[in-house]
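Structure first, commentary second.
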Amino acid sequence: MKKYALLSVSEKTGILDFAQGLCRLGYTILSTGGTAKLLQQHNLDVVEVADYTGFPEILDGRVKTLNPKIHAGILAMRKNEEHMQALQQHNIDVIDIVAVNLYPFTQAISNENCTLAHAIENIDIGGPAMLRAAAKNYTDAAVIVDYNDYSLILAELAKDKSISINTRFRLARKAFTHTAQYDSAISNYLSSVCSKDESIDNFGETKPNLSQFPRSLNLNYQKVQDLRYGENPHQQSAFYKDIKAASGTIATAKQLQGKELSYNNIADADMAWECVKTFEQTACVIVKHANPCGVGAAENILTAYQKAWQTDTTSAFGGIIASNVSIDKETAQAILQQFVEVIIAPQYSHEALELFNKKPNIRLLQIEKNNQIQALDIKRVGGGILLQTADSHYLNINELKIVTEKQPTSEQMQNMLFAWNVAKFVKSNAIVFCKDGQTLGVGAGQMSRVDSARIAGIKAQNAGLSLIDSAIASDAFFPFKDGLDVVADAGASCIIQPGGSIRDDEVIARANERNLVMAFTGIRHFKH
């Protein structure tokens, strides 16, 4: 019996070498369209699917491989006598290898001018059918969707003259995941198409209106690793990444050394990294229990780290440290004077790595620095999820509205902007005291904004940091003037807050009485 391999790919990386290797191993190549032309141009003997089936491609290529000679050859169970007799009766050969990848649907819809008609035309039909058939019959057929597997398959065939059942099962699992993700992308896109009265005029010859929140949402994540446990030792957990994970996010981090990351390590590292990468100047963020406990900015990373650490040395013990620039030898030496769980940076100097290597339990993460974020934010609730666009707003100085009689100095303006940037990442209710590129006190996660203000003041006092002439940021408006009095009594001279309370006039009046500067942003940054 002939050994057939069916090759039909949109992404042609590696397909020529793979086909040449299969030919050397005695396989007859079945192929279609562009793949067949490419192989023929390189003098490979290729049997066109239309010639093999005796049925031409029709409907502008919509029907090519949807034929019993193809699908029976893939699906026949070799040890089933009735199956093999049916193949013999109908003069059908078995197809042992199916290498297929699909029409580039996601690439098509990524084009901002993509029409609905163009998107529909890029939905593959025959490809998924062949993949599913070969994957279902993995006991006899090998299915390949990833060009990175070509060399592995050739090596196994050359060594053992066959592909092992374990490899075929792994490939089948990969194929079903691939088709599921493909169908999910189609479903999400079509579910996002906004149409009046559920009708599409002119078969979508213009770009459709797309909702960010489809009627039906399919999520696709790949497991990165199992974790030792979840938030608590009695909980099990694993880390998954979005198949479209934005670069420069925690899911794309490279671990250079250290123990296995825990559930809480990853959650806190994500918070630290997302916060530190928002600063244009050299900055360091230290996170403990999902809140920044210290943030510093300076001309060099050592000074920035020292500022961040000084804010709250107690909470920073065993925390997560993130830097938005390369960590040098001097900073590494300073960090190693303390107990730290995870360190994150875009780069590390050679000398710094040598120092950290002496503490092999410290987890070092390296992440590309950029401003990319995931477009949508997901929160799990009982029986469902909450979906929202990411809080990607970064305050421009021109957006500020000074609402008090007293106007800010340039120094106060910088202090307020720094404090506002930190407050965005502090659990609500959030109050943050800052001055000269340093957090002085952080009050987080309280039911009362007044209590958050008091806690922030206590934190500063415990750290021995003066709040005189400091700036405070509040992630949401002050509902009453009592919170204003607390921060003014502590020493703050300027306040940045969203505004929007029905008592704004009272709060502004109190700020004027206390000779304070107050700026409204018009933007709230609740973080629950």
Side-chain angles (χ1 to χ4, degrees), residues 1-12 15-16 18-19 22-23 25-41 44-105 120-147 150 153 163 168 171-172 174-176 178-180 182-183 186:
M1 296 179 64
K2 286 186 176 180
K3 297 188 295 184
Y4 281 100
L6 195 157
L7 312 182
S8 181
V9 294
S10 294
E11 170 52 67
K12 294 179 174 55
I15 194 64
L16 178 60
F18 185 50
L22 290 175
C23 287
L25 292 167
Y27 281 85
T28 298
I29 305 298
L30 294 173
S31 192
T32 63
T35 306
K37 290 179 182 178
L38 173 67
L39 302 182
Q40 290 165 346
Q41 288 171 359
L44 288 178
D45 290 330
V46 175
V47 177
E48 294 262 8
V49 164
D51 295 332
Y52 176 73
T53 62
F55 201 96
E57 294 184 12
I58 61 173
L59 308 182
D60 298 320
R62 283 189 169 197
V63 177
K64 291 181 287 191
T65 57
L66 296 171
N67 187 286
K69 287 198 71 171
I70 298 296
H71 286 275
I74 296 172
L75 281 165
M77 299 172 68
R78 315 308 194 243
K79 295 180 180 180
N80 185 306
E81 291 185 9
E82 292 184 1
H83 284 198
M84 299 311 292
Q85 288 173 0
L87 293 189
Q88 186 175 11
Q89 178 184 351
H90 296 286
N91 192 30
I92 298 173
D93 291 304
V94 296
I95 299 173
D96 293 322
I97 294 175
V98 176
V100 172
N101 52 55
L102 308 176
Y103 292 172
F105 180 80
I120 295 295
E121 204 55 37
N122 276 276
I123 296 176
D124 203 321
I125 301 300
M130 289 188 290
L131 292 180
R132 289 173 62 83
K136 176 175 180 176
N137 198 31
Y138 72 87
T139 55
D140 294 300
V143 58
I144 307 165
V145 296
D146 183 355
Y147 57 77
Y150 292 162
I153 297 304
I163 302 170
R168 279 179 273 134
L171 293 173
K174 204 170 185 178
F176 277 122
H178 184 68
T179 57
Y182 190 78
D183 286 339
I186 296 169

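Throughout, residue positions are numbered sequentially from 1 according to the sequence presented.
Tyr103 places none of its side-chain heavy atoms less than 4.5 Å from the side chain of Ile125. The shortest distance between side-chain heavy atoms of Leu131 and Leu102 falls below 4.5 Å. Proximity of Val9 to Tyr147: side-chain heavy atoms (C-beta onward) are nowhere separated by under 4.5 Å. Annotation: side chain of Lys3 is not in contact with side chain of Leu22 (no heavy-atom distance under 4.5 Å). Counting only heavy atoms from C-beta outward, the side chains of Asp93 and Thr28 never approach each other to under 4.5 Å. Under the 4.5 Å side-chain criterion, counting only non-hydrogen atoms from C-beta, Val145 is not in contact with Thr179. For the pair Val49 and Lys64, the minimum side-chain heavy-atom distance is 4.5 Å or more. Met84 places a side-chain heavy atom less than 4.5 Å from the side chain of Val94.
Under the rule for a side-chain contact (heavy atoms from CB on, under 4.5 Å), the partners of Glu121 that lie at least two apart in sequence or sit in another chain are Arg62. The side-chain contact (heavy atoms from CB on, under 4.5 Å) test applied to Pro68 returns no partner, not counting sequence neighbours. With sequence neighbours excluded, the residues satisfying side chain to side chain donor-acceptor pair (under 3.5 Å) with Thr32 are Ser8. The ring pair (Phe, Tyr, Trp, His ring centres under 6.0 Å) check on Tyr138 picks up Phe169, with sequence neighbours excluded. Scanning for salt bridge (Lys or Arg N to Asp or Glu O under 4.0 Å) contacts around Asp146 gives Lys174, with sequence neighbours left out. The side chain to side chain donor-acceptor pair (under 3.5 Å) check on Lys136 picks up nothing, with sequence neighbours excluded. In this structure, Tyr182 has no ring pair (Phe, Tyr, Trp, His ring centres under 6.0 Å) partners at least two apart in sequence or on a different chain. Residues passing the side chain to side chain donor-acceptor pair (under 3.5 Å) test with Asn80, sequence neighbours excluded: none. Not counting sequence neighbours, the partners of Phe105 by the ring pair (Phe, Tyr, Trp, His ring centres under 6.0 Å) test are Tyr189. Not counting sequence neighbours, Thr35 has no partner by the side chain to side chain donor-acceptor pair (under 3.5 Å) test.
Note: Asp124 CG to Asp183 CG = 10.0 Å, rounded to the nearest 0.5 Å. If you take CD1 on Ile186 and CD1 on Ile123, they are separated by 4.5 Å, rounding to the nearest 0.5 Å. In this structure, CD1 on Ile144 lies 6.0 Å from CG on Leu171, to the nearest 0.5 angstrom. Once rounded to the nearest 0.5 Å, the distance linking CD1 of Ile29 with SG of Cys23 reads 4.5 Å. Atoms CD1 and CG, on Ile15 and Leu39 in that order, are 6.5 Å from each other to the nearest 0.5 Å. For the atom pair Thr65 OG1 and Ile74 CD1, the distance stands at 8.0 Å (nearest 0.5 Å).
Pairing each heavy atom of Ala76 with each of Asp140, the nearest pair is O-OD2, 4.1 Å. Between Leu66 and Gly126, the shortest heavy-atom distance links the atoms CD2-CA, 4.0 Å. Closest of all the heavy-atom pairs between Ala175 and Val143 is CB-CG1, 3.8 Å. Scanning both residues, Ile92 and Ala72, for their nearest heavy atoms gives CD1-CB, 3.9 Å. The shortest non-hydrogen separation linking Ser31 to Val46 is CB-CG1, 3.6 Å. Counting all heavy atoms, side chain and backbone alike, Asn101 lies closest to Ser10 at OD1-N, 2.6 Å.
Enclosure of atom NZ in Lys37 is not indicated, since only 12 or fewer non-hydrogen atoms of other residues, nucleotides or ligands lie within 6.0 angstrom.
Judged as a salt bridge (Lys or Arg N to Asp or Glu O under 4.0 Å), the pairs with a partner in residues 67-88 (not counting sequence neighbours) are, in order, Arg78-Asp96. Applying the ring pair (Phe, Tyr, Trp, His ring centres under 6.0 Å) rule to pairs touching residues 51-84 yields Tyr4-Tyr52, sequence neighbours excluded.
Under the 3.5 Å distance criterion, the side-chain polar atoms of Arg168 are left unmatched by any main-chain donor or acceptor of Ala142.
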